[in-house]
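See below for the structure under consideration.
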Amino acid sequence: MDVIWGVSDNHVAWGQLIAIYLFLAGVAGGAFLTASLTELFSKKQQPKVIQSGAYIAVVSIIVGLGLLVLDLGRPLSFWKLLLNVNMGSVMSIGVFIVSGFTALSVVYAYLIWSAAAAQKKIQMTSANTVVAAPSFGQKVQAFRKPVAALGVLFSLATATYTGFLLSDVTTNNFWNTGLFGIDAIPFLPILFLVSASSAGLAATLIGAFRGTDLTTYKKIDMVLIIMEIVLIAILYLSVKPIFFSGSMGTLFWLGVVSVGLIVPLLLSIYGILKHKNVLLPVCGMVVLGGLSLRYFVVYTGQLFR
Amino acid sequence: MIIHLERCIGCQACTVACKFQNSVPDGQFRTKTPANGLKGTYPDVSLYFIKEACQMCKNAPCVSVCPTNASYYNEDGVVLVDVDKCVGCMYCLTACPYDARFINKETGAADKCTFCYESKVSKGEKPACVSTCVGGALMFGDLNDPLSKVAQYLAKHKAEVLKPEFGTHPTVQYIFEGVVK
């Protein structure tokens, strides 16, 4: 760096670890939402969807938190975030939302896992007509629905908070964009909630695609994709064109718009019309699109200020 | 602090004095004074130097976003960082519109200009950059006291703050008189 001529090093404070964390927190929220809403409201038995969602949620959020801690200037002092609280800071509030969500997703994944393990055991033992005494894992199954219900709130909060974290930076013209230019309604929390639901659902379906009827989920995912297309169009029209220039423009048009939204939507329609199973490519692209969106938003907001 | 740009010759004595005073790590700066506004065709060219550092905002975004209250106002309204409380999350770096902050390579905590509060100002001295300034471009004092030299200087000259559109209300005042912006 040159002190006098100020050669810019294009430095961004928050880089790819934060982008990936925001993505993983979104996927975790969306996956938990898919599993818990299925558990609470589905008339059909969907054990595979519930298992896939619960496991993806817990793995994503724990990996995401790991990246977040690694990104700190002083990783070993992360615990100070729990002791020093600033209720005016979205990050401080977020620490407690994400901690609650992580705890719930660990408990939920354990409950799902122990139920599945018990199921296997019964299948094995029933041949010999030996009834095993109920284990700890079976006794606590009564907590599944309450944990799922509380988890719905925490997964919505987690997915939304990742947007508020950025939109609350009032000095950042891109992150701080309001819906239809109204400052009182921040845009990113809405966009990130929809994108998180879509990517989390898609990731869950990838994990549950074998031998299950997923028609309802596919329809929901199409609706979410259409909602996201509308939101992205609004965003494109309400901020300056510079945010979509250069390599950020490539990432936006190729990653966010094409791979993440348009192609999976067209492919889903094709799948329905021709009765072909296109679940894996569609969901894979939706997940990639979610990652591209986080990268795009994190970087373009800092590069063009 | 008042910065009278016309008097600055770009010598970087402030940049160096700051690094000595505060032991700022190699390659990092709490303040620097780059050239700006290069304009015109020879022989009618113009350029000025502009000191960059923390603007000591009254409505500091770095303080409001800090999750651990490590960024704070001291009793004199100076924005400081409590290194012990800081975890290095860089939220303040993203929030500061003046790029005044960086992560100190040695401590891992957010770092920036302190007006040399602990080492100088609290003992009644001027910040290192001010006392070393060759052209007398830097002035430091209490703007709330109408009898202070800085307040009287400001009454005579038209000063402005950087990026007022963000509503951060900086207390560092720039006088652009005599330079071509």
Side-chain angles (χ1 to χ4, degrees), chain A residues 1-15 17-18 21 68-98 164-176 183 297-299 301-303 305, chain B residues 10-12 14-16 19 27-29 31-36 38 47 49-50 52 57 59-72 82-99 101-111 163 165-168:
Chain A
M1 181 165 53
D2 189 302
V3 174
I4 293 181
W5 298 106
V7 176
S8 129
D9 50 3
N10 248 350
H11 180 76
V12 295
W14 281 355
L17 289 184
I18 297 295
Y21 159 70
L68 195 58
V69 169
L70 271 182
D71 194 58
L72 293 178
R74 314 171 80 190
L76 295 176
S77 64
F78 75 91
W79 52 271
K80 289 180 183 170
L81 285 162
L82 295 163
L83 298 186
N84 303 310
V85 180
N86 175 7
M87 289 314 279
S89 162
V90 172
M91 189 185 288
S92 192
I93 300 166
V95 166
F96 294 96
I97 294 175
V98 176
F164 276 113
L165 182 72
L166 303 183
S167 72
D168 198 49
V169 178
T170 51
T171 51
N172 190 303
N173 288 327
F174 185 79
W175 293 351
N176 192 231
D183 287 344
V297 170
V298 166
Y299 276 89
Q302 292 176 90
L303 290 173
R305 288 204 285 164
Chain B
C11 69
Q12 308 299 333
C14 52
T15 311
V16 176
K19 291 198 58 118
Q28 301 191 303
F29 302 89
T31 187
K32 54 185 191 285
T33 304
N36 200 0
L38 181 56
L47 156 136
F49 296 95
I50 183 160
E52 294 174 349
C57 306
N59 183 19
C62 53
V63 174
S64 55
V65 301
C66 179
T68 62
N69 298 310
S71 286
Y72 68 103
D82 181 339
V83 173
D84 193 50
K85 278 188 180 171
C86 179
V87 299
C89 71
M90 295 178 255
Y91 206 8
C92 54
L93 273 71
T94 69
C96 176
Y98 307 102
D99 278 331
R101 288 173 167 242
F102 57 93
I103 292 293
N104 185 302
K105 277 189 218 168
E106 282 156 22
T107 64
D111 201 332
K163 302 186 182 175
E165 66 273 21
F166 289 120
T168 51

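Below, read A as the first sequence line, B as the second, and so on, with proteins coming before strands; counting in each chain starts at 1. The figures that follow rest on heavy atoms only: side chains count, while hydrogens, waters and symmetry mates do not.
Listed here is the closest heavy atom pair of Trp14(A) and Cys89(B): NE1-O, 2.8 Å. Scanning both residues, Leu72(A) and Val87(B), for their nearest heavy atoms gives CB-O, 3.4 Å. The shortest non-hydrogen separation linking Val3(A) to Thr15(B) is CG1-CG2, 4.1 Å. Closest approach of Lys85(B) and Lys80(A) over heavy atoms only: O-CD, 4.2 Å. In this structure, Ala13(A) and Met90(B) approach most closely via the heavy-atom pair O-SD, 3.3 Å. Residues Cys86(B) and Ser77(A) approach most closely at O-OG, 4.0 Å, considering heavy atoms.
When the candidates Asn104(B), Ile103(B), Asn69(B) are compared by the number of heavy-atom contacts under 4.5 Å with chain A, Asn69(B) comes out ahead. When the candidates Asn172(A), Leu76(A), Val85(A) are compared by the number of heavy-atom contacts under 4.5 Å with chain B, Val85(A) comes out ahead. Interface summary for chain A: among Pro97(B), Gly88(B), Gly10(B), Cys96(B), the most heavy-atom pairs under 4.5 angstrom belong to Gly88(B).
Distance check, rounded to the nearest 0.5 Å: CG of Asn84(A) to CG of Asp84(B) gives 8.5 Å. Rounded to the nearest 0.5 Å, atoms CG (Leu47(B)) and CD1 (Ile4(A)) are 10.0 Å apart. The CZ atom of Arg74(A) lies 6.0 Å from the OG1 atom of Thr107(B); values are rounded to the nearest 0.5 Å. Remark: Thr68(B) OG1 to Phe78(A) CZ distance equals 14.0 Å, nearest 0.5 Å. With rounding to the nearest 0.5 angstrom, the OG1 atom of Thr171(A) is 9.0 Å from the NZ atom of Lys163(B).
With a threshold of 4.5 angstrom between heavy atoms, Asn176(A) does not approach chain B through any atom at all. For a residue to count as touching a neighbouring chain, one of its non-hydrogen atoms must lie under 4.5 Å from one of that chain's; by this rule Phe49(B) touches chain A with the side chain only. With a 4.5 Å cut-off on non-hydrogen atoms, Trp175(A) touches chain B through its side chain but not through its backbone.
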Quick one, Gln302(A) with Thr94(B), criterion side chain to side chain contact (heavy atoms under 4.5 Å, CB included). Give me CA distance, side-chain angles, the key distance, then yes/no.
CA-CA 7 Å; Gln302(A) 292 176 90; Thr94(B) 69; 4.0 Å; yes
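Counting only distance, with no hydrogens or angles, the side chain of Tyr91(B) and the backbone of Leu165(A) share a donor-acceptor pair below 3.5 Å.
A side chain to side chain contact (heavy atoms under 4.5 Å, CB included) with Ser89(A) is found for one member of Ser64(B), Pro67(B), Ser71(B), Cys66(B) and no other, namely Pro67(B).
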